[in-house]
Amino acid sequence: MIEIVPGRQYGFFTDTTLCIGCKACEVACKEWNLLPADGPGLTGNSYDNTAALSATSWRHVAFIEKIGDPSASSGQAPSAGSVQAGGRATSMPPFQSNWLMMSDVCKHCERAACLEACPTGALFRTEFDTVVVQQDICNGCGYCVPACPFGVIELDLLGDGKAHKCTLCYDRLKGGLEPACAKACPTESIQFGELGDLQERAGRRVGELLERGVPEAYLYGGPGSPGATDDIGPLHAFFLLIDRPEVYNLPAAPSLPAKRVRPGLLAGLATIAGLALAAAAAFAAGKE
Amino acid sequence: METPYGRPHRPAPSPTRGEGAPRPSPLVGEGLGTSALRGVRGIPTYYGQPAIKAGHYRWLVVSYLFVGGLAGAAQLIAAIADLLGGRRDRAIVRTGRYLALGGALLSPVLLIKDLHTPSRWYNMLRIFRSTSPMSIGSWTLAAFGALSGLVGLGQALEDLAGLAVGRRLARLSGVPAAAAGALMSTYTGTLLASTSVPLWSTADRLLPPLFGASAAASATAAISLILELAGANRGRRRLAWLALACGGAQLALARATEREWRRQGVAGPIEREPAASIYRYGVLGLGAAVPLALNSVQALACRGWRTVSVVAAAATLAGGYLERALIVLAGRDSAGRPGDYFHLTRGAHGPTIT
Amino acid sequence: MSPSLQTRLRGALRDWSLPRQLVGADPARQAAESAASRRTRPRLEDADRVGTSICPYCAVGCAQLIYAKGNDVIHVEGDPTSPINQGTLCPKGAATLGWMLNPQRLTGVKYRAPYSDHWEERPLEWAMDRIAQLVKQTRDETFVGHLPDGTTANHTLAIAELGGATLDNEENYLIKKLCGGGLGMVWIENQARV
Amino acid sequence: MPSLGASFGRGAATTAQWDVTNADCVVIMGSNMAENHPIAFRFVMQAKEKGATIIHVDPRFTRTSALADLYAPLRAGSDIAFLGGLISYILERDLWFKEYALNYTNLATVVEDDFKDASQLDGLFSGWDAESRAYRVDSWQYQGEAVPSSSAEQQAQTTEPYGEKLKRPSDGPPPSDPSLQHPNCVYQILRRHYAAYTPEMVERVTGCPKETFVKVAEAVARNSGRERTTAWCYAVGWTHHTTGVQMIRACAIIQALLGNIGRPGGGILALRGHSSIQGSTDIPTLYNLLPGYLPQPSAQRSHRTFKDYLEAEQVPTGWWANFPKYAVSLLRAWYGEGASPDNEWGYQWLPKIVGDHSQLPMMLAIGDGLIRGLLLIGQNPVVGGHNSHLIRKGLPNLDWMVVREIFENETASYWYRSPEVERGEIRPDQIKTEIFLMPASLAGEKEGTFTNTHRLVQWHDRVVDPPGECRSDLWFFYHLGRRLTALHADSDDPKDEPIKNLSWEYPVFGAHVEPSAEAVLKEINGYTWPDRRQVADYQELKDDGTTACGCWIYSGVFPAEDHNQARSRVPDAPGGPGTHLGWGFAWPSNRRILYNRASADPDGQPWSERKRYVWWDAEQDKWVGRDDPDFVADKPPDYTPDWSKRPTGMDALDGRSPFIMIADGKSSLFVPAGLKDGPLPTHYEPVESPARNPLYGQQDNPVAKKWERPDNPYHAVGDPRYPYVITTYRLTEHHAGGIPTRLVPSTAELQPEGFAEIPPELAREKGIANLDWVVISTARGEIVTRALVTERLRPLEIDGRRIYQIGMPWHFGWHGYATGDIANTLSAIVGDPNTSIHEGKAFTCDLRKRAVSSQLSGDAGADG
């Protein structure tokens, strides 16, 4: 049981090599946060019928099938038998491999684009260093939505018209309880804890996996790793992946929108200044 | 306790048998191999699903970008004409100030209507965040609105009661109003650029100038149009010169922006129809080329024609609106293209793995 | 000015961040914090009792804790002390709350009369009496004491009971005792074979 | 599970789920564990983290395969060829655990000279009687000795009584040849029987590449022995076949040969699918059993009197010699005062069965009008039953039907919502049935116990009252019983004696007049008669009527007036013994690993420090360890029976006999009695197969239960109209018939619609794109569903031919948020000869793309 103390940093470490794609996280989240169903129907995209994180789906398990070309999964040559068996792999690289599953969630960024974009202060950073939308403040301006580099936050247009996303179970943390998804996760693929500990554990895990024959293993969102670029990271909800980020619908090197504010405004004002001079000239010249 | 079970279950209704909605078919036709790993420019995507969310901005925001920018620029032009212009320019000053006031009154209506919880509009002034163009904009609009009110009040006192105090009040408050106006006409470019939408974010240093220039052009056009219609445009040539400057800047910036989009490989949304034609003929042709031609004729001919000015002004306004609409709506398209986004965020040397 | 608007404005003023921001509070943190954020607590703290339970879906036997307030279940989650699930649950187990609180649950007896094309609501006691009569009648009409060869059979082949793998052991015990030991039914089966 | 019963003595999982953590290799076959038992799969993941090799053998690449180290694809229904291959590989390469197998199994035992195995008779065993399509089992017996079945359950199942024999088990140990040279010793029979099951043959029959098969064999062998153990996990992927029992038997042989039974990290874990499915077999709502695996009296066996019954079913040696104590105690519990020595303890009041009264024939009997009234308790046969169309057409013949459910299910609404109604085949105004749909309550709204998949009995509290008129099934049957007793109170018709004498007094509480589940559990545990003191253990039970016990194997669950062990919640601390004896109650005697005497060597010492579990402590003169010893606590390892005294019961078993429920105390690699389809597992094709049996002339299980009739037709072997193999299964996101999950938004949206999984190669042949609507048909019916084209299914080369398999979840129906056609419209009513379990895992079908214009022919229609 993790001790939860205000003032410390907490987050998720999602180790996809332990994920069995059961979606308990999705259900536990909805049952705790009382979120309505919003599934898109049968997508035909493997077993993913959630499709994306949304205003009312705060965990999303992605499924990527790689049975067809074993070489793609591990660099291993397909075994003689696998060719016979319709060109599919039969011996798996250690740990989840030929069928990738990954439970996506809000990244609770070190510098959060949604928070920085929020004009009302509805989005704020809690005493646990998580990023939360305060529902008593949000007025549904929706500017946080295109700001997020991970496509996480969204307005609930069918419901209350406010912005929603994972709160890292803010209410539970206040009561010293771990978030619903991490608690439900059967295989400890979703680990909750103090960010420092998690990063340390994750580092060890990567090393261990490299030893055990998973050369593809790396952290996404860990300090200085993909996903944590341009001051966005380290992500407080980070991941251990075994294929390119894009395969899991994650950007390799996202950028921080707020960094574009100052240069943009200055360039704009400069232009206006120039045009003002032109106007001045026009009017001054026009005087008789 | 509110349970979700009282609330409607609301998945997209799965199509009834036989009418399966056409969806990307990851496997068939592509032979063996993992569709999810296939993508454009050697970068995979996740079943072609968007990697970011587009946001909901549509016509209300488009209209605000146009109206707010125009109002801001109008206040600025009015102030300059007030300080530097002669007696003949009083009409321009008056028109500019009333335009600014009108825009300042209309803008918040458009914005609040666009909120999904409009009853909480006041939270826009709950806090100030320098990282948020939306916050900067809210305060700017508030200031601009207040100052434009004073300016308008002064102008009204002068016009209706002929009070000199009105004129002083208008001139005094006109300067800060103009400053706010300058911000009003440009920050909206930053508002779009400071998101993760490829089409917007790649033009972070070009959209604000572009929006500024086209705001100035629109303001000039609006003023001259009003004066022409009132049949009292004694500043036609000066406005024509101004229009030339703004229009020229607008055209140059538009081309630069387009080049930047191509360079960064995110121009897809404006290269497909109907966006491409609207951009070429509407924004560049109608909005920039046509007025430029007509205004240069007036400027060089050292005289103006009423109809020419009217046509030029109308074309400028239409083009200015189309430009905002195109950029906002194409941005939604852009956000739905994971290939563009992943290309943009591939990192200096691509991801550090495999 | 309507009271609701008054309260809203009062709330808005109490939650107004600008003053706090001006005296130096972080606009990303304390300055932005709202009244609701200061108030929020996990709803488990509202429970007036917690019961130990077992997940009703599969046979793994995960232990659950059921939190209730008055006669309402407010949450169900895994029991961390269980050596089987150690607090975790699968998607079905995690949906137990949704099952218990589901508005589509049957809460009254539905009766379909012979040749009818619709359900009718009927009182529970009426249904129980009617079922007892039907059981007795069918049994009386079909009871076999001895087979043609003289072997005692003491059974009826005309009444069947199906189901039980989702039931409590105590329930199955009473079913087998009453239907088998009391009524002489032999068609007694459950999901164990399917 | 007769297979495990016949092999080891008890028909239940031999180990606890958490013990899988101690395995060095885990083989998951006939189960999609990660998807259908995700929480149990945690222990597989923990073992994997400790370096164990995880193997998944399955027709489909599933979420389980994704986490495995080795995935062996195989054709649905060919499991015995694969497992037989392993047995052969282990024997021929001498990889078996000598000291274990020689001492603890019947490997050396000599079988009758006239016994012939399938390799000699082209797929049949000696004793085949083509006339009755059944086996006479005389030739399967041990040389010169009649062997009673390992458990009463199977005795009731065997078709023929044994032939006249000279010798009974109490006369001496069965004949054996420790040198293993005797041509008819079990060892030689096994080698002969499985000689043909070479890796090449395995590939030919199953389609599994032989390299992969050999990798599996090596991994399993490498991880067995003194220092290491391998655990096997299976589920309905094995039982849902006409050869299901023998598939599990084959696994039992492998585990016994490798010495993996009764040891930590070993065993066979049967993963069952419903919250109390193990409990509903222990305390059976099954036609052929009485509580505690006592056979239901049968008119077809010598059960005329109680005396006959005991003689026929009592096993003279081993634990089952106590049979009479359990039978008499049960009758006392049921008939109380009414039971006395003069009326055979009321034995004659028990109904006698006259054949197979299981679910499959039940559905036919309903259609045929034999059954007039049906009580459906939390089951949904229209979705979960087989040949669903036949079932829906049959239900209207009922006079009355009671459905007790949480939600309205398809069985309750077939009369106005089924496709037969859509098509006009059924019209409500022609259905005479009186239907009662009654609201039931859930755990948390009622108190009681579930028995989980590893025999663990766990109590659940009543935390809130059920809503509205929802009531527990305990309430329903208690009050139904009260009414019926009242209705018969003044009858003097002898046929009403059982109901009049039934002891039906249970305390009630609350506004709902809810009977006390505790009181019922106390009766199940047993008490002394007449003074009603709780018995501490089944060892206290007597055959003289001084004890009453509802289910002897559960004795100890409520050992004292106020001690409900099922509610005990005391887990071991980390680093503790890890058997968690303080958590719940595992039958028998709170034992967690069965046959754990085998965790010690013949001399009673641990096989190795690493695998130490239960051992003989010479100082204390008793068995000690981390678990309750599954043995006579103080019987020394060197004890040998004094055969001159013709010992009975446990006295007839020596100190090296861990399988105390079996007459000779040894695990039965070869099963002389108790199974209808042979003493050894043999590969037979599913009843519906695209291929001829490559191993034998005998195509399918000769004694498979078939009910071929116009409304239940079967496909001929290789019928070109039905060229594809189809297998049905569950998804993580849904539960069984789907009612509990299709109506709950948070689970329904995760798998919102029915679909069929189709390999891309087949899809391309048929011009089917992902998400297209397809029609799947069999001679039983036709359904429409969405195509999910996926490489997780692969074409297999079977005997030189390419064979396609398609898969379809069977959860769906027309109620709820997640709907789809009913997969079981396609399946047939055909079953395993020993258990009558249907064959839903492997049959044949046709597949075509659905023309958008064509008529709806399927089952589904979504809720408004």
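To find a chain, count down the sequence lines: A is the first, B the second, and so on, and within it residues start at 1. All values reported here derive from a predicted model rather than from experimental measurement.
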* Worked check of side-chain hydrogen bond (donor to acceptor under 3.5 Å, both in side chains) between D:Lys352 and C:Thr152 -> CA-CA 8 Å; D:Lys352 290 202 179 58; C:Thr152 51; 3.1 Å; yes

Heavy-atom contact with chain C under 4.5 Å, split by part of [X]:
X        : answer
D:Ile277 : both
D:Ser276 : both
D:Glu497 : neither
D:Arg567 : side chain

* **Part of C:Asp72 within contact of chain D (heavy atom distance under 4.5 Å)** =>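 For C:Asp72, the contact with chain D is made by the backbone alone.
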
* Non-hydrogen atoms of chain D under 4.5 Å away: do they reach the side chain of C:Phe143, the backbone, both or neither? ->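 Side chain only.
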
* Relative to each other, are the rings of C:Tyr173 and D:Trp334 parallel, tilted or perpendicular (30° and 60° limits)? ->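 Geometry flag for D:Trp334 against C:Tyr173: perpendicular rings.
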
[Y] and [X] side chains, donor-acceptor separation under 3.5 Å:
X        : Y        : value
C:Asn169 : D:Thr451 : yes
C:Lys92  : D:Thr732 : no
C:Gln133 : D:Arg483 : no

* Hey, are the side chains of C:Trp187 and D:Leu374 touching, using non-hydrogen atoms and a 4.5 Å cut-off? ->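 Side chain of C:Trp187 against side chain of D:Leu374, heavy atoms only: no contact under 4.5 Å found.
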
Among [options], which one satisfies side chain to side chain contact (heavy atoms under 4.5 Å, CB included) with [X]?
X        : options                      : result
D:Leu286 : C:Asn190, C:Asn172, C:Ile188 : C:Asn190
D:His460 : C:Asp168, C:Thr52, C:Ile66   : C:Asp168
C:Glu171 : D:Asp473, D:Thr285, D:Val520 : D:Asp473

* Nearest-0.5 Å distance, NZ of residue C:Lys136 to CG of residue D:Leu480 ->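 Interatomic distance, C:Lys136 NZ to D:Leu480 CG, rounded to 0.5 Å: 13.0 Å.
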
* Asked: Quick one: NE2 on D:His357 to CE on C:Met185, what's the gap to the nearest 0.5 Å?
  ->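 Output value for this atom pair is 12.0 Å.
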
Please rank [options] by heavy-atom pairs under 4.5 Å with chain C and give me the top one.
options                      : result
D:Gly384, D:Pro571, D:Pro498 : D:Pro498
D:Pro38, D:Gly468, D:Cys470  : D:Cys470
D:Met362, D:Arg462, D:His580 : D:Met362

* Check against side-chain hydrogen bond (donor to acceptor under 3.5 Å, both in side chains), D:Ser358 and C:Glu189 -> CA-CA 6 Å; D:Ser358 69; C:Glu189 279 288 289; 4.8 Å; no

* Counting N and O atoms only, with roles assigned by atom type, does the side chain of C:Arg193 sit under 3.5 Å from a partner on the main chain of D:Thr835, one being a donor and the other an acceptor? ->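 Answer holds: yes.
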
